[in-house]
**Student:** 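Can you read through this structure? Questions will come right after.
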Amino acid sequence: MAVPPPFLVLCACVLGFYHVETTPDTLSSLDSSFCHGGLEVIYPGLDVDECFIIPKNLRSGSIFLTAPQIYFSGANKKKRYVLVMVDPDAPSRTKPTSAHWRHWLVVDVQGGALKKGHIHGTTLTDYYPPSPPQKSGFHRYQFMLFEQPPDTPVSLTEQEKSSRGKWDLQAFITRFGLGEPVATLQFLTQNYKD
């Protein structure tokens with residue numbers, strides 16, 4: 001059976017919209033493999049539910065000014081969680097001397113609230129929006145959700161409270177027995193002027 005030419009033209013046009021060429025704005029396989037577990041981060045006008053690069057037209061800081069909604073359909077209503085947001089590329093991916101920059105840390109997050117897209121917990125580090133410096137290239141902004149062990153109060157040391165930068169995330173995870181994250185998500189962006 002022959003396919004009518006107008007149908008082929010329509011298919012070519014439609015498929016062209018979904019074609020992604022290899023450019024500097026394409027995720028590497030390592031970056032795209034970071035995301036798992038079904039975590040969703042919702043900013044005004046931007047719903048992040050997979051690893052991707054923020055398009056240039058959305059890179060202005062205004063979209064990220066307020067903390068996003070966090071939605072995790074796999075949350076257990078009876079459990080508590082720890083939400084971490086970090087930039088492992090501070091001040092740049094080629095020279096991350098201030099990694100992991102802590103952008104947000106919330107503990108005792110109620111599972112029932114997460115299932116509804118809300119964060120009800122104790123904020124240990126207030127939300128700080130993504131703000132990559134000019135000419136520093138792409139930064140990964142990573143969200144990690146950990147199940148908080150029962151009856152385990154989670155806190156920051158005085159040294160950790162004194163600075164957001166150079167945070168030893170792995171030491172924090174080990175100190176409270178958080179184990180592997182139940183869900184992770186990241187997006188990449190760079191300064192909107194670059």
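Computed from a predicted model, the values in this text were never measured in an experiment.
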**Student:** Minimum heavy-atom separation for Phe176 to Pro153, with atom names?
**Tutor:** CE2-O, 3.4 Å
**Student:** Restricting to non-hydrogen atoms, name the atom on Val86 and the atom on Arg102 that form the minimum distance, rounded to 0.1 Å.
**Tutor:** CG1-CA, 4.2 Å
**Student:** Any chance you could measure Arg175, atom CZ, to Thr152, atom OG1, to the nearest 0.5 Å?
**Tutor:** 12.5 Å
**Student:** Going by side-chain hydrogen bond (donor to acceptor under 3.5 Å, both in side chains), name the residues that satisfy it together with Ser162, two or more places apart in sequence or in a different chain.
**Tutor:** none
**Student:** Nearest 0.5 Å, please: how far is CD1 in Ile70 from CD1 in Ile119?
**Tutor:** 5.0 Å
**Student:** Considering non-hydrogen atoms only, spot the tightest contact between Pro132 and Pro130 and give its length.
**Tutor:** CD-C, 3.7 Å
**Student:** Do you know the tightest heavy-atom contact between Gly177 and Pro149?
**Tutor:** O-CG, 3.5 Å
**Student:** How close do Glu40 and Asp49 get, heavy atom to heavy atom, and via which atoms?
**Tutor:** CG-CB, 4.0 Å
**Student:** Once you round to the nearest 0.5 Å, how far does CD1 of Ile53 lie from NZ of Lys56?
**Tutor:** 12.5 Å
**Student:** Mind checking whether Asp168 and Gln170 have side chains closer than 4.5 Å, heavy atoms only?
**Tutor:** yes
**Student:** For the residue pair Val84 and Phe146, establish whether any side-chain heavy-atom pair is separated by less than 4.5 Å.
**Tutor:** yes
**Student:** Within the distance-only criterion (no hydrogens, no angle test), does the side chain of Thr174 pair as donor or acceptor with the backbone N or O of Phe172 below 3.5 angstrom?
**Tutor:** no
**Student:** Is any side-chain heavy atom of Cys51 less than 4.5 Å from a side-chain heavy atom of Asp31?
**Tutor:** no
**Student:** Going by heavy atoms in the side chains, are Leu145 and Val82 under 4.5 Å from each other?
**Tutor:** no
**Student:** Whether the side chain of Thr123 engages the backbone of Thr125 through a donor-acceptor N/O pair (distance < 3.5 Å, no angle test) should be reported.
**Tutor:** no
**Student:** Not counting sequence neighbours, which residues clear side-chain contact (heavy atoms from CB on, under 4.5 Å) with Ala90? List them please.
**Tutor:** Asp87, Ser98, Trp101
**Student:** Pick one: which of Gln159, Glu160, His100 meets side-chain hydrogen bond (donor to acceptor under 3.5 Å, both in side chains) with Trp167?
**Tutor:** Glu160
**Student:** Are the side chain of Tyr71 and the backbone of Gly38 linked by a donor-acceptor contact shorter than 3.5 Å?
**Tutor:** no
**Student:** Hey, does Leu185 have a side-chain heavy atom less than 4.5 Å from the side chain of Cys35?
**Tutor:** yes
**Student:** For Ala67, what residues pass the side-chain contact (heavy atoms from CB on, under 4.5 Å) criterion, not counting sequence neighbours?
**Tutor:** Trp104, Tyr127
**Student:** Report yes if some heavy atom in the side chain of Val48 is under 4.5 Å from a heavy atom in the side chain of Gln186; otherwise report no.
**Tutor:** no
**Student:** Do you reckon Leu39 sits in the same ILVMFWY cluster as Met144, going by side-chain contacts under 4.5 Å, direct or chained?
**Tutor:** no
**Student:** Considering only heavy atoms from C-beta outward, does the side chain of Asp194 approach that of Gln134 to under 4.5 Å?
**Tutor:** yes
**Student:** CG of Leu124 to CG of Leu156: how many Å apart, nearest 0.5 Å?
**Tutor:** 5.0 Å
**Student:** Check Ser136 against Ser92 and note the closest heavy-atom contact, atom names and distance.
**Tutor:** O-CB, 3.6 Å
**Student:** Not counting sequence neighbours, which residues clear ring pair (Phe, Tyr, Trp, His ring centres under 6.0 Å) with Tyr141? List them please.
**Tutor:** His103, Phe187
**Student:** Filter on ring pair (Phe, Tyr, Trp, His ring centres under 6.0 Å), then keep only pairs touching residues 33-58, sequence neighbours left out; what's left?
**Tutor:** Tyr43-Phe64
**Student:** As an exercise, state the distance from CG of Asp47 to CD1 of Ile42, rounded to the nearest 0.5 Å.
**Tutor:** 4.5 Å
**Student:** Please table the atom pairs, donor to acceptor, closer than 3.5 Å between any side-chain atom in residues 105-118 and protein atoms at least two apart or in another chain.
**Tutor:**
{"residue": "Asp108", "atom": "OD1", "partner": "Arg80", "partner atom": "NH1", "Å": "2.4"}
{"residue": "Asp108", "atom": "OD1", "partner": "Gln148", "partner atom": "NE2", "Å": "2.7"}
{"residue": "Lys115", "atom": "NZ", "partner": "Ser73", "partner atom": "O", "Å": "2.7"}
{"residue": "Lys115", "atom": "NZ", "partner": "Ala75", "partner atom": "O", "Å": "3.3"}

**Student:** Ile54 versus Leu46: any side-chain heavy-atom pair under 4.5 Å?
**Tutor:** yes
**Student:** Under the criterion side-chain hydrogen bond (donor to acceptor under 3.5 Å, both in side chains), which of Arg140, His139, Gln190 is the partner of Asp89?
**Tutor:** Arg140
